[in-house]
Amino acid sequence: MTVLYATSWEAGSIAWYTAQSPALWSGNASISSTVANLHRNAASQGGNYSAVQDDNWSCAAGTVVAGTARWLHFWMKPGAGGGTLNTQLARAGVLQLQVRFLSNGKIELYRGATLLVPTGAARFNPWVAHWVAIEATCLDAGGVLNVYVDNVLVASFAGDTKAHATLTNWDQWGWGSPWGSGLVNQNYIVDDVIVTDVTTGKVTEKMAYPILANGDSAPLLLTPSTGVTHFSLIDEIPLSDADYNSTGTTLFEDFYTWTVPPTAASILTVLFNARASNDAGLTQGQIGVRNVVTTVYQPLVTLAVFPLFTDTTYILDTDPDTGLAWTNAGLATVRAGYRFAA
């Protein structure tokens, strides 16, 4: 199982996503807590934030590896009064495919600006939330574009799906018209974005749940900017740069305990997020995750020089101790933190 990228906007601040490597989101979306019911279950469990789409909200080229990415998933829901949502897939900044969800419940499929599948009959209820899965390969021949709404195939095309003059497949995506030839979003919300490879394939409805630092663990080598406890300086949502833990010594690190989410039938993946800056001559950093025995680290990330920040996500599909999919028990004992390096 491989999750190539995921986000649920739970940082609660647009600044996280516009500074995050490699995604580097840009455009006109906003992060809102007023629409959190989009991704909560009947017990009011789930995330706290969603992305409200205006137009041209997209991630950078290379966010996922072209040819590896196969499926794009997300929740979508219109705001009051209905709306339209245009999803675009691109390669190296060039539009490849479009899926237009129209306010009348109809769907259009495009290769670049060329209509492949016209609207036809209404294919989804435009007034409620839906789980969307888009399967896409961008090839001159034998390409596919399949659209599922709530696990039902509602639109499909096979054949020439490559608009780029030379490059196949896609390595970025967005909503609205970030790469031109598109439809401006109107009053739509998206959440819980997941990109998977061909092996993992289509995943059914998923709900993100935020977990927060709730205690100090070991090692605990960084220096708090204020107070005694370390975890209390990095446990806020929305994120804040007002307080922090820091060091000028290479390979110093902090690890923390985390809140336990509600019991889930299955756990697809766990995202560990960190925001860090080079303010003491240490140019690199990395997220570390430890369960009972095994500690793993993301590859070292080059840090922006303060007052700029580098925001990164470490995606782990498996428990470091077992090498198998996460369980509720395994997630309950996890420790995670951050290490600086020269």
Side-chain angles (χ1 to χ4, degrees), residues 4-7 9 14 17-31 51-76 78 83-103 106-119 132-141 143-147 155-191 193-197:
L4 303 175
Y5 179 85
T7 189
W9 321 113
I14 204 74
Y17 304 98
T18 57
Q20 187 184 33
S21 177
L24 295 174
W25 288 89
S26 63
N28 301 324
S30 59
I31 308 300
V52 182
Q53 299 300 318
D54 183 2
D55 189 26
N56 300 347
W57 183 238
S58 64
C59 57
T63 296
V64 292
V65 177
T68 301
R70 183 68 172 258
W71 292 86
L72 172 66
H73 310 78
F74 55 91
W75 284 102
M76 68 174 188
T84 59
L85 183 70
N86 188 50
T87 303
Q88 293 192 332
L89 302 174
R91 176 72 192 275
V94 176
L95 177 63
Q96 294 275 46
L97 294 167
Q98 300 186 74
V99 178
R100 297 182 179 180
F101 299 93
L102 304 179
S103 59
K106 298 181 179 183
I107 295 174
E108 295 176 341
L109 305 185
Y110 288 78
R111 178 186 66 248
T114 301
L115 181 65
L116 300 176
V117 176
T119 55
V132 175
I134 299 173
E135 180 187 18
T137 60
C138 306
L139 303 170
D140 285 320
V144 298
L145 179 56
N146 296 319
V147 181
S156 181
F157 177 83
D160 181 2
T161 55
K162 182 174 79 69
H164 197 291
T166 57
L167 299 178
T168 61
N169 293 308
W170 51 283
D171 64 355
Q172 56 187 145
W173 65 95
W175 293 274
S177 186
W179 299 289
S181 303
L183 185 72
V184 174
N185 297 321
Q186 296 178 1
N187 198 28
Y188 242 95
I189 302 154
V190 299
D191 208 356
V193 180
I194 301 172
V195 179
T196 58
D197 63 3

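Positions are given from 1, in the same order as the sequence printed here.
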Answer yes or no: is there a donor N or O on one side and an acceptor on the other, between the side chain of [X] and the main chain of [Y], under 3.5 Å?
| X | Y | result |
| --- | --- | --- |
| D171 | A92 | yes |
| N187 | G83 | no |
| D160 | A141 | no |
| S177 | N56 | no |
| Q96 | K162 | no |

To the nearest 0.5 Å, what is the distance between [atom1] ([X]) and [atom2] ([Y])?
| X | Y | atom1 | atom2 | answer |
| --- | --- | --- | --- | --- |
| D140 | H164 | CG | NE2 | 11.5 Å |
| L109 | L116 | CG | CG | 6.5 Å |
| Q98 | T114 | CD | OG1 | 9.5 Å |
| S58 | Q88 | OG | CD | 8.5 Å |
| L139 | N169 | CG | CG | 5.0 Å |
| I107 | F101 | CD1 | CZ | 5.0 Å |

Student check: side-chain heavy atoms of L167 and V94 closer than 4.5 Å: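 They are not in contact (no side-chain heavy atoms under 4.5 Å apart), so the answer is no.
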Side chains of T68 and L4 in contact at under 4.5 Å (non-hydrogen atoms):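 Touching, per the 4.5 Å side-chain cut-off.
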Which heavy-atom pair separates [X] from [Y] by the least distance, and what is that distance?
| X | Y | result |
| --- | --- | --- |
| S156 | V117 | O-CG2, 3.5 Å |
| R91 | T168 | NH1-O, 2.5 Å |
| L89 | A136 | CD1-CB, 3.4 Å |
| H73 | A133 | CD2-CB, 3.6 Å |
| T18 | L24 | O-CD2, 3.9 Å |
| Q20 | Y5 | OE1-OH, 3.8 Å |

Step by step, work out the side-chain contact (heavy atoms from CB on, under 4.5 Å) result for F74 and D191. CA-CA 6 Å; F74 55 91; D191 208 356; over 6 Å; no
Pick from T63, L72, T137: which one makes a side chain to side chain contact (heavy atoms under 4.5 Å, CB included) with W170?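 Only one option passes, and that is L72.
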Just to verify, which of V99, V195, L97, N146 counts as forming a side chain to side chain contact (heavy atoms under 4.5 Å, CB included) with I134?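 Checked V99, V195, L97, N146 against I134; only one passes side chain to side chain contact (heavy atoms under 4.5 Å, CB included): V99.
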Which is it for E135 and V144 under the side-chain contact (heavy atoms from CB on, under 4.5 Å) test, yes or no, and what are the steps along the way? CA-CA 7 Å; E135 180 187 18; V144 298; 4.2 Å; yes
One pair to check against side-chain contact (heavy atoms from CB on, under 4.5 Å): M76 and I189. What are the steps and the verdict? CA-CA 6 Å; M76 68 174 188; I189 302 154; over 6 Å; no
Got a sec, which residues hit side chain to side chain contact (heavy atoms under 4.5 Å, CB included) with P78, two or more places apart in sequence or on another chain?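 In terms of side chain to side chain contact (heavy atoms under 4.5 Å, CB included), with neighbours along the sequence ignored, P78 is linked to Y188.
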Begin from the C-alpha positions of L102 and L183 and carry the test side-chain contact (heavy atoms from CB on, under 4.5 Å) through to its verdict. CA-CA 10 Å; L102 304 179; L183 185 72; 3.7 Å; yes
Please determine if D197 and R70 form a salt bridge, counting it only when a charged side-chain N lies under 4.0 Å from a carboxylate O.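 R70 and D197: not salt-bridged.
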Before you tell me yes or no, could you show the steps for W179 and W173 under ring pair (Phe, Tyr, Trp, His ring centres under 6.0 Å), namely the whole-Å CA-CA distance, both residues' side-chain angles and the distance that decides it to 0.1 Å? CA-CA 10 Å; W179 299 289; W173 65 95; 9.1 Å; no
With sequence neighbours excluded, what pairs up with Y17 under the side chain to side chain donor-acceptor pair (under 3.5 Å) test?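 For Y17, no residue satisfies side chain to side chain donor-acceptor pair (under 3.5 Å) once neighbours in sequence are set aside.
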Evaluate side chain to side chain donor-acceptor pair (under 3.5 Å) for W175 paired with T87, printing each intermediate quantity in order. CA-CA 5 Å; W175 293 274; T87 303; 3.3 Å; yes
